[in-house]
Amino acid sequence: MVLDLAPVIARVKSSLADRLPLVEHLPEIHTAYPLVRSDAVPKVRTALRVLDLAGFWVPVLAGACALGGVLLAVRRRRAVVAAALGMAGGALLLGIGLSVFRALYLDRLPADLDQAAAQAVYDTLVRYLRSAVRVVVTLGLLVALGAWTGGGGRWARTVRGGWHAGLGAVRRVAARAGLRLGPVGRFVHRWKAALGWTAVAGAALAFVLWSHPTVLVTLCLALALVGVLAVLELLDEPGRPARSG
């Protein structure tokens with residue numbers, strides 16, 4: 001396996017062409033830098049291709065299986081927590097496996113091979129896979145936390161009570177300051193559940209459509225969703241019942 005530096009040299013020539021016109025007359029240069037010398041390179045290339053395909057289809061199949069299990073479960077909220085934690089745990093094991101395989105791969109290389117170059121090649125090949133591992137672990141923990149918070153356990157009810165109490169205090173302060181929501185508050189009160197699920201679906205869609213979501217992107221989407229739910233809670237005002245007679 002060799003690294004052809006011709007594209008890099010061509011890009012450098014292109015960037016220098018405006019300042020040094022003579023650069024355009026230089027011949028095309030092909031400099032090959034050997035990275036790995038081994039008869040197993042074709043097998044490794046095939047394995048990486050299979051791994052690349054598995055990296056796309058395995059999560060899809062796993063997600064479909066998890067969704068089917070949740071829909072068929074009697075206690076769906078508990079099933080969501082279990083599936084999310086299982087997804088995070090599986091991704092964590094994959095990340096550990098990548099690190100172990102990296103050490104084994106470097107130990108089995110010939111002694112005359114450039115270790116730094118081999119490390120760079122491996123780290124480049126698994127870079128997106130490692131990023132996906134971190135994202136899946138983060139997403140699984142966030143989903144499990146959200147599903148657990150909505151449960152009927154004592155600690156979950158305590159967390160929800162603190163959430164409602166804190167936002168209720170903010171709403172009362174705003175009301176004393178003269179804020180009146182009127183029709184907006186009544187609209188949010190009537191459609192709060194639908195608006196909340198719409199916000200959840202929007203966050204999930206943004207995550208799916210993001211080209212290369214990172215841990216930071218995942219956390220920002222989660223915080224944005226929490227912010228939207230907090231705003232809905234603050235705007236929730238049932239209004240005064242109509243007087244009879």
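From a predicted model like this one, the values you see are computed outputs, not experimental measurements.
Partners of Arg77 by salt bridge (charged side-chain N to carboxylate O under 4.0 Å, His left out), not counting sequence neighbours: none found. By the side-chain contact (heavy atoms from CB on, under 4.5 Å) test, Phe187 pairs with Trp191, Leu195, sequence neighbours left out. Residues satisfying the side-chain contact (heavy atoms from CB on, under 4.5 Å) test with Ala224, not counting sequence neighbours, are none. The side chain to side chain donor-acceptor pair (under 3.5 Å) search around Arg78 returns none, not counting sequence neighbours.
Sorted by first then second residue, the salt bridge (Lys or Arg N to Asp or Glu O under 4.0 Å) pairs that include residues 189-205, not counting sequence neighbours, are Lys192-Glu233, Lys192-Asp236. A salt bridge (Lys or Arg N to Asp or Glu O under 4.0 Å) check over residues 87-97, counting only residues at least two apart or in different chains, returns nothing. Among residues at least two apart or in separate chains, salt bridge (Lys or Arg N to Asp or Glu O under 4.0 Å) pairs with a member in residues 117-144 are Arg102-Asp123, Asp123-Arg130. Screening residues 140-167 for salt bridge (Lys or Arg N to Asp or Glu O under 4.0 Å) gives no qualifying pairs among residues at least two apart or on separate chains. Sorted by first and then second residue, the ring-ring contact (aromatic ring centres under 6.0 Å, His included) pairs with a member in residues 211-236 read Tyr128-His212; sequence neighbours excluded.
Val159 places a side-chain heavy atom less than 4.5 Å from the side chain of Trp148. At least one side-chain heavy atom of Val226 sits under 4.5 Å from a side-chain heavy atom of Trp163.
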Which pairs of donor and acceptor atoms, one on a side chain in residues 87-99, lie under 3.5 Å apart (sequence neighbours left out)?
| residue | atom | partner | partner atom | Å |
| --- | --- | --- | --- | --- |
| Ser99 | OG | Gly95 | O | 3.3 |

Donor-acceptor pairs under 3.5 Å, side chain of residues 62-75 to any protein atom, not counting sequence neighbours: which ones?
none

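Summarising the hydrophobic clusters (Ile, Leu, Val, Met, Phe, Trp, Tyr; side-chain heavy atoms under 4.5 Å, direct or chained), the residues clustered with Leu209 are Leu205.
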